[in-house]
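Here the structure is laid out as structure tokens; the discussion comes afterwards.
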Amino acid sequence: MNPTNANHDRHNSGIASLARIDGDTIRILEAQGCSAENWNSVFISEKVNLNDIRNVRFGGTVRLDDGAVVRNVPGGICNCRVGKGALIENVARIEFEPEAPCGVGISISALDETGSRPVVAYPGLSSQTATLMARVPSWLEHQLSTSMQDFLDSKSVAHEIGDNAVIRDCGRLLNVSVGHGVTIEGARSLVNGAVVNNSQGGKPLAYIGAGVDAENFIIEDARVGSGAILRNCYVGQGAEIEKGFTAHDSLFFANCSFENGEACAVLAGPYSVSMHKASLMIGCQTSFMNAGSATNQSNHMYKLGPVHWGVLERGVKTASGAYLMLGAKIGAFSMVMGLHKTHPDSSSFPFSYLFGDERGATVVVPAAMLRSCGLLRDEKKWPTRDRRMKRRIPLNDRIVFNVLNPFTVESMLKAIETISELLSGNTYDDLYFRHKGMKFTRAALERAKILYTLAIYKYLSIALPDGTFPESDGMDAEEWVDLGAQVMPREIMEAALAQDSIPEAEKLFDDAFEKYEEYQRRWIGRRFGQWRNTSQSQIAEGARQFDQLVEDDRQEYLDALAKETRMLNL
């Protein structure tokens, strides 16, 4: 059974419980401007006020449930159920074709734009599963090939306008399943999609507003409005796409906010933000990202097509006018400024400033972001801005908010080793050290070793409040990965890749999320053997110095702000 057959069966269920309308009812409706291809295929509940059914043409099999209101649909309502208490008013046409999947199973060409890394979308898609599909395409192509269709059947959506839904002042809706309680106001055109509301109480998050034009989409517990244009997109829980933003072949997960600009082949993990006109996000993976105005990337070198893509690890920010030539990989919580044309890989140096020089080379100041007071402010504000938590909905995306975690700390530990190796060598004639397409000054590297070390002390003070290191089990410390904003041991991800069904992989992600603290403690026991003799007082002092750096930065900022305010006073 495919999803469309499931939808068709669900649409027809319950029709037998409604009597066909009689001749008197037909005459009343026709007097109110209604018509039908075949009145015998129109089923109206006795609890529908016939005065609320005006200027509507019915096509195929249509069911109106208790309290439904349908007015001014000149193009017709075809092959659908209109749920209890639903309101449809001033809509050009609502139609479902018999075999329509309503967006379930659409293939989204993420990252390299050519379709070689497809993400198959469905209601309930998580940032973790989407990232695995896009980053390891063989998983979808091989492991999931036999189970995928049955899984999509289980995720099918009904050919209906759900209970208490509102659709008013819209253009055409073709093969668009509208969930219960959803409001769609002023949309221009919606084709082949689903608007999913998982909220069982209170106001739903799912909403489509004025001027929206979308085709091949799933909008789940998310808001899309103000003239946004979507093609082949998934918009996830708590996300907001507004103010003329355009996107194709892109995915937006929990609490993303995108306005004014453009996205193409973007895998936007939780809390990715782009708010400015002239900003183009293209061919990249992000999470906790903030794009400055006129941020731009390029993925096409006019040789093999748009095959290049990149990764902006969690927390990357771009300054106004920042440009990246993909492929590139930018380390976690880094700031990117200027033009970068050398495909930099700064993943070994998290919390850095990246400057593009006059030739497009990347100059890195490692660890400079660690002393920023804004970093810890972000960590505190993200959970409070989780729009999902204001509704009773099952959470699709698992999010680890910690800025200092095994993934970022492991990067810092490796950075200290790399810095030591670089400092033991010689600079080039221009007095820069070079590594993976990047340039460093000696002073920046020496300062970075200190900052990274203090940040590790800070991490240990948080993870080990009593200063006692866990006992090592003698095993090597496992590598950690950041999978769509969920930090986990790589072995968990590898186990998920071995599964031949999505539900089995999701169970592993759930388990890893619940056991994050346990796995982190085990990793500390294995990874920090050489630190085991570090006393609690040393850790506390290092953490104190780290906190002081952050406080100094905060005070410097406040002093500068006060100076600016005095300058601007009348």
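Only a predicted model underlies this, so the values are computations on that prediction, with no experimental measurement involved.
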Could you check if a side-chain atom of [X] sits within less than 4.5 angstrom of a side-chain atom of [Y], using non-hydrogen atoms only?
{"X": "Arg371", "Y": "Glu556", "answer": "yes"}
{"X": "Val400", "Y": "Phe513", "answer": "yes"}
{"X": "Thr295", "Y": "Tyr323", "answer": "no"}

Using 30° and 60° as the class boundaries, would you call the ring planes of Tyr516 and Trp480 parallel, tilted or perpendicular?
perpendicular
Salt-bridge test for [X] and [Y]: reply yes if a basic N is under 4.0 Å from a carboxylate O, no otherwise.
{"X": "Glu518", "Y": "Arg522", "value": "no"}
{"X": "Glu259", "Y": "Lys277", "value": "no"}
{"X": "Asp511", "Y": "Lys515", "value": "yes"}
{"X": "Glu417", "Y": "Lys414", "value": "no"}
{"X": "Glu220", "Y": "Arg388", "value": "no"}

Take atom [atom1] in [X]; do more than 12 heavy atoms of anything else shown fall under 6.0 Å from it?
{"X": "Asp476", "atom1": "CG", "value": "no"}
{"X": "Phe151", "atom1": "CZ", "value": "yes"}
{"X": "Arg387", "atom1": "CZ", "value": "yes"}
{"X": "Lys381", "atom1": "NZ", "value": "yes"}
{"X": "Glu471", "atom1": "CD", "value": "no"}

So does [Y] get a backbone contact from the side chain of [X], meaning a donor-acceptor N/O pair under 3.5 Å?
{"X": "Ser250", "Y": "Ala247", "result": "no"}
{"X": "Gln538", "Y": "Ser535", "result": "yes"}
{"X": "Thr318", "Y": "Gly292", "result": "yes"}
{"X": "Tyr457", "Y": "Ala540", "result": "no"}
{"X": "Asp397", "Y": "Ser126", "result": "no"}
{"X": "Thr286", "Y": "Met289", "result": "no"}
{"X": "Arg314", "Y": "Ala485", "result": "yes"}
{"X": "Thr131", "Y": "Ser127", "result": "yes"}
{"X": "Gln237", "Y": "Ala254", "result": "no"}
{"X": "Gln128", "Y": "Gly484", "result": "yes"}

Out of Lys436, His343, His340, which one pairs with Thr362 under the side-chain hydrogen bond (donor to acceptor under 3.5 Å, both in side chains) rule?
His340
I need the single residue from Arg526, Arg521, Arg527 that forms a salt bridge (Lys or Arg N to Asp or Glu O under 4.0 Å) with Asp473. Which is it?
Arg526
Apply side-chain hydrogen bond (donor to acceptor under 3.5 Å, both in side chains) to residues Thr129 and Glu506 and explain how you reach the verdict.
CA-CA 7 Å; Thr129 295; Glu506 293 277 358; 2.5 Å; yes
Please confirm whether the ring centroid of Trp531 lies under 6.0 Å from the ring centroid of Phe469.
no
May I ask you to check whether Phe252 and Tyr234 place their ring centres under 6.0 Å from each other?
no
May I have the step-by-step check of side-chain hydrogen bond (donor to acceptor under 3.5 Å, both in side chains) for Gln545 and Gln548, ending in yes or no?
CA-CA 5 Å; Gln545 291 183 37; Gln548 187 61 54; over 6 Å; no
Within 45° of the six-membered ring axis of Phe509 and under 6.0 Å from that ring's centre, is NZ or CZ of Arg398 located there?
no
If you compare all heavy atoms of Gln143 against all heavy atoms of Ala498, which two are closest, and at what distance to 0.1 Å?
NE2-O, 3.1 Å
Mind listing the side-chain donor-acceptor pairs of residues 350-357 below 3.5 Å, one per line with the distance, residues two or more places apart or on another chain?
{"from": "Ser352", "atom 1": "OG", "to": "Phe349", "atom 2": "O", "distance (Å)": "2.8"}
{"from": "Ser352", "atom 1": "OG", "to": "Pro350", "atom 2": "O", "distance (Å)": "3.3"}
{"from": "Ser352", "atom 1": "OG", "to": "Ala367", "atom 2": "N", "distance (Å)": "3.4"}
{"from": "Asp357", "atom 1": "OD1", "to": "Arg359", "atom 2": "N", "distance (Å)": "2.9"}
{"from": "Asp357", "atom 1": "OD1", "to": "Gly360", "atom 2": "N", "distance (Å)": "3.0"}
{"from": "Asp357", "atom 1": "OD1", "to": "Ala361", "atom 2": "N", "distance (Å)": "2.8"}
{"from": "Asp357", "atom 1": "OD2", "to": "Lys439", "atom 2": "NZ", "distance (Å)": "3.2"}

From the list Asn402, Leu454, Val403, Ile524, side chain to side chain contact (heavy atoms under 4.5 Å, CB included) partner of Tyr459 resolves to Ile524
